[in-house]
Amino acid sequence: MERETILANLGHIHRRIERACRQAGRSSQNVRLLLATKTVPAEKIQIALEAGETLIGENKAQEAQGKFETLREAGAEWHFIGHLQTNKVKDVLKFATLVQSVDRMELVEKLDQRLQFEGRSLDILVQVNTSYEESKFGIAPEKALAFVREVARYDTLRIKGLMTIGLLSSEGDQVRKGFRLLSSLREQIALKGIPGVEMRELSMGMSADLEMAVAEGATMVRVGTAIFGPRRYPDSYYWNEQAVVK
Ligand SMILES: *Cc1c(COP(=O)(O)O)cnc(C)c1O
């Protein structure tokens, strides 16, 4: 894809975010754009970084590491947003300063072990499966509070908020319900005042549904296709280990 197209797409996304913020009576300063860069080569990401973008989200440890090395100089912030297998924790910690997809104790234990070994801590978001789709990862909404309480006991992990992948549906009402659920979970959890837990971030909204996410309080929208064009692999490849790429 041409440089001009990527720049035009970026401009369009920022205008969409600004319009959605205006309609929701929010400041666009409070909504960060995360570039969802799975399958996107480093040269294209570079174009977005030169245009002033600062936040990158990757789904696969191996793919991300190579790009991270290439783009290191640009000084962007790298998040991990994919399903994190425990045997990839070490690799992910080489580039990610925040993992958005923490969703089970097995992963929490592995992160903690590795972080203790490295003598450092990590910012995380708890991924919640607000759409109840089996294909999606994330903790069930009813279990989110108990999970946060448990994770809060680990000194190496600093919970900064919640993340969800919206329902992939053309029915706006249904999609929006999921975002509203995440937003209300954040409020409920924040009210508990759990030591060490911040409920600052709500990472939700993608190319197709970012307006609804902003309306429901997103502080971070994760956009890929609308900036870099369509991907070759279906999203299920990134969200479900069992998914087969045909
Ligand atoms: C791919 C991906 C996105 C971006 O999706 P688009 O529809 O391409 O904007 C957002 N979040 C996660 C977790 C993703 O894997």
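For the numbers below, each heavy atom of this structure counts, side chains included, while hydrogens, waters and symmetry mates do not. Positions are given from 1, in the same order as the sequence printed here. In each ligand, atom 1 is the first atom listed, and ligand 1 is the first ligand listed.
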With Met220, the side chain to side chain contact (heavy atoms under 4.5 Å, CB included) member among Leu33, Ile81, Leu202, Leu55: Leu55
Measure from atom 10 (C) of ligand 1 to every heavy atom in His83, His79, Met206 and give the option owning the shortest one. Met206
Of the listed options Lys38, Glu58, Gln127, closest to atom 14 (C) of ligand 1 (non-hydrogen atoms): Lys38
Could you check whether any side-chain N or O of Ser27 sits under 3.5 Å from a backbone N or O of Gln29, counting only pairs where one atom can act as donor and the other as acceptor? yes
Any sub-3.5 Å donor-acceptor pair from Arg186's side-chain atoms to Arg200's backbone N or O? yes
Go through the steps to decide whether Asn129 and Glu133 satisfy the test side-chain hydrogen bond (donor to acceptor under 3.5 Å, both in side chains), and finish with yes or no. CA-CA 7 Å; Asn129 185 357; Glu133 288 169 290; over 6 Å; no
For [X], the ligand 1 atoms whose distance to one of its heavy atoms is below 4.0 Å:
X      : value
Thr225 : 6 (P), 7 (O), 8 (O), 9 (O)
Asn59  : 14 (C), 15 (O)
Gly224 : 4 (C), 6 (P), 8 (O), 9 (O)
Arg222 : 4 (C), 9 (O), 10 (C), 11 (N), 12 (C), 13 (C)
Val223 : 9 (O)

May I ask whether Arg231 has any heavy atom positioned less than 4.0 angstrom from an atom of ligand 1? yes
Go through the steps for Thr219 and Asn30 under the test side-chain hydrogen bond (donor to acceptor under 3.5 Å, both in side chains), then give the verdict. CA-CA 6 Å; Thr219 62; Asn30 297 329; over 6 Å; no
Shortest non-hydrogen pair, Ala76 vs Leu49, comes out as CB-CD2, 3.9 Å
What I want to know is whether Ala36 and ligand 1 share at least one N or O pair that is separated by under 3.5 angstrom. no
Quick one: do Glu18 and Arg22 make a salt bridge, cutoff under 4.0 Å? no
